[in-house]
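Predicted model, so just to flag it, every value in this text is computed and none were measured. First the proteins, then the strands, lettered A, B, ... as listed; each starts at 1.
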2 protein chains.
Amino acid sequence: MTTIAPTAGLSIAEAAERTGLTTHTLRYYERDGLMLHGVGRSSSGHRVYTDVDLAWITMLTRLRATGMPIREVRSYAVLCREGDGNESERLALLQAHRARVLAQLAEVTEHLGAIDNKIGIYQSRLETAGV
Amino acid sequence: MTTIAPTAGLSIAEAAERTGLTTHTLRYYERDGLMLHGVGRSSSGHRVYTDVDLAWITMLTRLRATGMPIREVRSYAVLCREGDGNESERLALLQAHRARVLAQLAEVTEHLGAIDNKIGIYQSRLETAGV
DNA sequence: GCTTGACGTGGAGTGCGCTCGAAGGTCTTG
DNA sequence: CAAGACCTTCGAGCGCACTCCACGTCAAGC
């Protein structure tokens with residue numbers, strides 16, 4: 001069994017690089033209550049990101065990238081922060097989100113089909129004109 | 001061959017109902033240069049939407065719903081407004097958009113897969129605990 | 001000791017896409 | 001001929017999610 005070597009603890013700049021977010025956004029997320037717990041600090045007061053933090057940020061990013069609003073991500077973070085006992089609430093939240101994302105995917109796909117038709121029309125028009 | 005009976009011309013409220021947009025948004029789109037041409041007016045100055053207008057608004061809606069920014073929709077409108085001769089530019093614009101939408105769909109689908117895994121974890125945890 | 005540079009905080013600013021309000025004109029119905 | 005619905009324009013306001021600024025602190029290197 002192999003384990004990924006745990007990193008010692010990352011600065012905010014390193015965390016930004018690994019997560020693809022900016023340092024501004026990382027601070028903003030923390031300020032806005034999106035992190036599980038406040039990020040740890042070094043003796044000089046600088047943020048130190050652990051692997052757990054990074055894994056959580058990855059989850060955050062997935063939720064955000066699929067269109068979950070900040071305030072709902074925060075609700076999810078609150079539930080996770082409270083610890084065991086509310087798994088069914090977390091499940092419900094994620095399932096509701098999943099349903100919305102699926103609906104959204106279907107809608108976008110449908111619209112894309114119509115756009116594809118338009119593209120086809122332009123292509124055939126150009127081919128005809130180009131002869 | 002059947003043709004859809006052309007409507008006589010719709011008020012902004014009727015157009016809003018048919019397109020799913022609000023009257024505010026319809027006026028805003030027109031003001032912002034997103035329409036092919038300014039919408040026609042009745043003798044009393046009220047907007048009159050034709051079938052051509054509605055078809056265009058449907059296209060607008062598809063572009064918007066797939067994430068095209070307003071300013072790019074406007075660029076497309078400008079190209080269409082200029083008439084024949086720039087079909088290749090319109091095609092390029094739509095194809096670039098199509099590529100972005102496909103990338104976006106792939107990304108969302110991937111994130112959704114990870115969220116599904118999380119959902120699965122909560123489900124099995126709840127089943128185990130529930131016995 | 002002094003500079004450099006990454007980081008800290010609080011708060012203001014930005015861009016997008018609507019959304020709404022105010023003030024007034026017009027059409028229909030009783 | 002008055003009420004009420006619906007329309008007009010112009011401009012301001014809003015919610016979201018960042019994004020940036022100003023200024024202060026700390027650690028390391030010369």
Q | Distance in angstrom units between A:Asp32 CG and C:dG10 P, rounded | A | 13 Å
Q: May I have the distance from B:Leu34 (atom CG) to C:dC16 (atom P), rounded to whole angstrom?
A: 13 Å
Q. How about B:Tyr29 and B:Trp56: are their ring centres within less than 6.0 Å of each other?
A. no
Q) Heavy atoms under 4.0 Å, any strand shown: does B:Arg41 hit a base, just sugar-phosphate, or nothing? A) sugar-phosphate
Q.
Measuring to OP1 and OP2 of D:dC18, would you say a side-chain N or O of A:Thr25 lies under 4.0 angstrom away?
A. no
Q | A:Tyr29 vs D:dC18: side-chain N/O to OP1/OP2 distance below 4.0 Å | A | yes
**Q.** Worked verdict on A:His46 versus A:Ser11 for side chain to side chain donor-acceptor pair (under 3.5 Å)
**A.** CA-CA 7 Å; A:His46 290 192; A:Ser11 72; over 6 Å; no
Q: On DNA chain C, check which nucleotide each of A:Ala13 and B:His24 is closest to and give me the residue with the more 5' one.
A: A:Ala13
(Q) In whole Å, I'd like the distance from the CD1 atom of B:Ile12 to the C1' atom of C:dT19. (A) 13 Å
Q.
Just checking A:Glu17: does its CD atom have more than 12 heavy atoms from other residues, nucleotides or ligands closer to it than 6.0 angstrom?
A. no
Q) What nucleic acid atoms does B:Ser11 come within less than 4.0 Å of, heavy atoms only: base, sugar-phosphate, or nothing? A) sugar-phosphate
Q) Once you round it to whole Å, what is the distance between P of C:dG8 and OH of A:Tyr49? A) 7 Å
Q) To the nearest Å, how far apart are B:Glu14 CD and D:dC6 P? A) 11 Å
Q: Give the rounded distance in Å between these two atoms: CD of B:Glu30 and P of C:dG17.
A: 19 Å
Q | Nearest listed nucleotide, side chain of A:Arg31, among D:dA27, D:dC20, D:dC7 | A | D:dC20
Q: Taking all non-hydrogen atoms of both residues into account, name the closest pair between B:Ala16 and B:Thr22 and its distance.
A: CB-C, 4.0 Å
Q | C:dC16 OP1/OP2 closer than 4.0 Å to side-chain N/O of B:Arg64 | A | no
**Q.** Phosphate-side-chain proximity, A:Arg27 and D:dC18, N/O vs OP1/OP2 below 4.0 Å
**A.** no
Q.
Counting only side-chain nitrogens and oxygens, does A:Arg47 get under 4.0 Å of the OP1 or OP2 atom of C:dG8?
A. yes
Q | Nearest heavy-atom neighbours spanning A:Leu91 and B:Tyr122 | A | CD1-CB, 3.9 Å
Q. Rounded to the Å, how far apart are A:Tyr28 OH and C:dA12 P?
A. 16 Å
Q) How close or far is atom C1' of D:dC16 from atom CZ of A:Arg74, stated in whole angstroms? A) 11 Å
Q: Map B:Ser42 and B:Ile70 onto DNA chain C by nearest heavy atom, then report which one ends up closer to the 5' terminus.
A: B:Ile70
